[in-house]
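Residue numbers begin at 1 in each chain, while the letters A, B, ... track the order of the sequences.
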Number of protein chains: 2
Amino acid sequence: MKPFINNISVDCIIFGFDSGRLNVLLTKRELEDEKTGNIIFTDYTVQGHHVLEGEHIDDAARRVLKDKTGFDNIYLEQFHTFGDPGRIQHERDKLWISAKFPTVAAHVVSVGYCSLVDSTKVKPDTQHQFTSWWPVDKLPLLGYDHAEMIARALDFLRIKIQREPVGFELLPEKFTLSQLQNLYEAILGVSLDRRNFRKKVGQMKFIIPLNEKQKGVAHKPAQVFIFSRDVYDRTKKEKLDILV
Amino acid sequence: MKPFINNISVDCIIFGFDSGRLNVLLTKRELEDEKTGNIIFTDYTVQGHHVLEGEHIDDAARRVLKDKTGFDNIYLEQFHTFGDPGRIQHERDKLWISAKFPTVAAHVVSVGYCSLVDSTKVKPDTQHQFTSWWPVDKLPLLGYDHAEMIARALDFLRIKIQREPVGFELLPEKFTLSQLQNLYEAILGVSLDRRNFRKKVGQMKFIIPLNEKQKGVAHKPAQVFIFSRDVYDRTKKEKLDILV
DNA sequence: TTGCTACTGTGTATTTTTTACACTAAGTAA
DNA sequence: TTACTTAGTGTAAAAAATACACAGTAGCAA
């Protein structure tokens with residue numbers, strides 16, 4: 001691996017959607033006392049790494065994502081760059097850095113990326129025992145400035161989802177309209193009228209019904225839809241306001 | 001001055017509004033042959049500089065702005081970070097760097113800032129003979145990836161101005177509704193109905209009429225308004241969609 | 001097999017918002 | 001005094017957003 005640039009990192013806020021809740025993927029950070037083996041602290045961080053020399057920052061983010069979720073080709077967009085030299089203020093962070101990365105510069109500028117994954121396809125627990133999903137409204141203790149990062153990523157997502165069809169990245173390829181509605185409700189923190197929601201979806205040519213129904217549910221099975229980016233790209237000029 | 005960080009810079013896209021046009025402030029870059037004194041090339045760049053060690057990136061941007069316009073306390077917001085290691089591709093850029101900054105790293109990540117100034121207060125030509133205003137739709141030859149930066153800053157501004165009251169940063173403190181309308185039309189590239197525009201403005205409590213009229217114009221003088229951020233902060237929950 | 005549960009799917013009337021549109025008013029300059 | 005230029009104003013029609021209730025169907029349990 002190429003040497004990494006001391007002063008520049010990327011951090012990926014990875015969102016997933018499951019059972020009507022918006023979740024974020026976090027990595028557990030546990031510092032042990034070298035001598036006694038006692039745990040000094042436990043907290044969580046988002047996924048990040050330094051940018052390598054000659055590496056595009058987008059590629060650095062993709063690399064982090066690949067490592068943490070096992071997937072590439074997933075939605076990824078830069079949302080903010082964090083350049084406060086005082087970002088490392090907690091005692092936990094100082095302990096962690098001096099134990100693990102004694103050679104890294106104190107002043108690290110980090111580019112934050114917002115990533116959306118279909119969490120039915122990602123099972124991080126089986127691949128990386130220290131990563132797990134956390135509901136965005138019930139986060140554990142976080143390291144560095146990652147609480148702020150997540151809050152900002154969420155603001156970004158809220159605005160983004162009202163202008164562009166990124167919500168589908170969080171759903172399986174085939175989804176029902178109720179799933180889609182739940183997604184919007186969870187992200188925007190509102191409740192929407194079902195009939196009005198479906199009226200709007202009906203006008204969007206890029207949300208396409210399939211001749212297929214849900215199976216194995218203990219109620220009337222719902223019709224299944226797909227999102228067509230192709231159709232969207234051809235019709236977006238007509239309708240730029242999405243669903244809300 | 002503290003040493004600067006090799007790999008991180010900020011670039012400020014400074015927008016001004018004048019005579020119904022949106023302009024951007026650019027610095028002329030002219031490379032001379034050391035021996036003959038002949039001009040090897042001439043082009044333009046936005047205003048940028050490396051981030052200093054221990055300096056907040058926002059402060060770095062403010063520092064650049066202060067240097068180039070003489071003002072502080074002006075609107076400034078990060079819009080995108082440019083991290084393509086291939087950003088320097090033109091022969092002109094290579095010549096310039098090897099002549100002027102032989103020690104700087106090849107891979108520089110730059111944080112782009114969008115800045116809005118009341119250009120009636122800024123006279124860069126008198127302070128810095130190499131800076132001048134250019135209409136955004138008629139830009140000269142640009143160095144580095146600054147054409148892309150300006151395009152992105154403009155996209156950012158277009159979206160931003162539809163959600164938040166940043167347009168007033170481009171106008172004098174006291175302005176007429178026609179000036180405001182011209183501003184929106186110039187930035188969004190649309191034409192708006194005057195009566196409907198004024199109807200909307202009338203609903204916005206934070207755009208406040210003064211008992212004062214334009215003077216010295218060869219037509220019916222217009223009433224003068226101010227923007228009150230104070231009132232806006234207290235009422236924004238009611239109306240988040242601005243003017244369009 | 002019957003009934004219970006849980007979620008799907010559908011239309012209309014009302015209110016609100018957006019749009020389109022044309023003439024008079026007031027000041028300067030010739 | 002006239003011509004020119006921009007300011008300032010209201011209404012009707014169309015479109016969009018909102019509020020709202022009941023029948024349909026699959027699985028499951030009694």
Side-chain angles (χ1 to χ4, degrees), chain A residues 17-21 162-163 171-172 174-186 188-205 207-226 235-244, chain B residues 17-21 162-163 171-172 174-186 188-205 207-226 235-244:
Chain A
F17 181 71
D18 193 32
S19 313
R21 299 188 88 161
Q162 292 182 64
R163 301 197 142 248
L171 294 175
K174 298 175 180 182
F175 54 87
T176 70
L177 295 189
S178 293
Q179 285 176 296
L180 187 62
Q181 184 177 341
N182 288 340
L183 175 66
Y184 274 82
E185 290 179 333
L188 298 175
V190 295
S191 77
L192 304 171
D193 179 271
R194 190 155 88 251
R195 281 189 280 199
N196 295 337
F197 184 84
R198 293 162 107 90
K199 205 186 297 176
K200 280 202 178 183
V201 170
Q203 293 164 4
M204 300 182 186
K205 305 267 172 57
I207 299 177
I208 299 167
L210 301 181
N211 284 327
E212 196 174 324
K213 304 222 156 184
Q214 257 184 327
K215 276 177 192 159
V217 287
H219 55 76
K220 177 174 177 178
Q223 185 165 22
V224 163
F225 291 75
I226 55 167
T235 59
K236 63 182 164 186
K237 278 148 213 148
E238 300 161 26
K239 271 201 94 62
L240 262 174
D241 61 314
I242 310 292
L243 295 175
V244 181
Chain B
F17 181 70
D18 192 33
S19 314
R21 300 186 89 161
Q162 291 182 66
R163 302 197 142 247
L171 292 175
K174 299 176 180 182
F175 54 86
T176 69
L177 296 188
S178 293
Q179 285 177 297
L180 187 62
Q181 182 176 344
N182 288 339
L183 175 66
Y184 274 81
E185 290 179 333
L188 298 174
V190 294
S191 76
L192 304 171
D193 179 90
R194 190 157 87 251
R195 281 189 279 199
N196 295 337
F197 183 84
R198 292 162 107 93
K199 204 185 299 174
K200 281 203 178 182
V201 170
Q203 293 164 3
M204 299 182 186
K205 305 267 171 56
I207 298 177
I208 299 168
L210 301 181
N211 283 327
E212 197 175 322
K213 305 224 156 180
Q214 257 183 328
K215 276 177 192 160
V217 288
H219 54 77
K220 178 173 177 179
Q223 186 164 22
V224 163
F225 291 75
I226 56 167
T235 59
K236 62 183 166 187
K237 279 148 210 148
E238 300 160 23
K239 271 203 95 64
L240 263 174
D241 61 312
I242 311 294
L243 296 177
V244 182

J.: Over how many whole Å does the gap from A:Q203 atom CD to D:dA15 atom C1' extend?
T.: 11 Å
J.: Can a donor-acceptor pair be found, under 3.5 Å and without considering hydrogens, that links the side chain of A:Q181 to the backbone of A:L192?
T.: yes
J.: To the nearest Å, give me how far apart CZ (A:F197) and C1' (D:dT18) are.
T.: 16 Å
J.: Mind checking the OG-CZ spacing from A:S178 to A:R198? Nearest 0.5 Å is all I need.
T.: 5.0 Å
J.: Sugar-phosphate atoms are those with a prime plus P, OP1 and OP2; base atoms are the rest. Using that split, label each nucleotide of nucleotides 2-11 of chain D B, S or - for protein heavy atoms under 4.0 Å, 5' to 3'.
T.: ---BBBBBBB
J.: To the closest 0.5 Å, what do you measure between CG (B:L177) and CZ (B:F197)?
T.: 7.0 Å
J.: Could you pull out all residues at least two apart from A:R195 that satisfy side-chain contact (heavy atoms from CB on, under 4.5 Å)?
T.: A:D193
J.: Rounded to whole angstroms, how far apart are NZ on B:K215 and C1' on C:dA29?
T.: 20 Å
J.: Without placing hydrogens or testing angles, list every side-chain donor-acceptor pair under 3.5 Å for residues 207-214 of chain B, not counting sequence neighbours.
T.:
unit_1, atom_1, unit_2, atom_2, d
B:E212, OE1, B:K174, NZ, 3.2
B:E212, OE2, B:K174, NZ, 3.2
B:Q214, OE1, B:A222, N, 3.0

J.: If you measure from CG on A:L183 to CG on A:L171, what distance do you get to the nearest 0.5 Å?
T.: 5.0 Å
J.: Determine to 10° how strongly the helix from C:dT1-D:dA30 to C:dA30-D:dT1 is bent, judged from the axes of its five-pair ends.
T.: 10°
J.: Using the test side chain to side chain donor-acceptor pair (under 3.5 Å), find all partners of A:R21 that sit at least two apart in sequence or belong to another chain.
T.: A:D137
J.: Listed by chain and number, what are the ring-ring contact (aromatic ring centres under 6.0 Å, His included) partners of B:F175, not counting sequence neighbours?
T.: B:F168
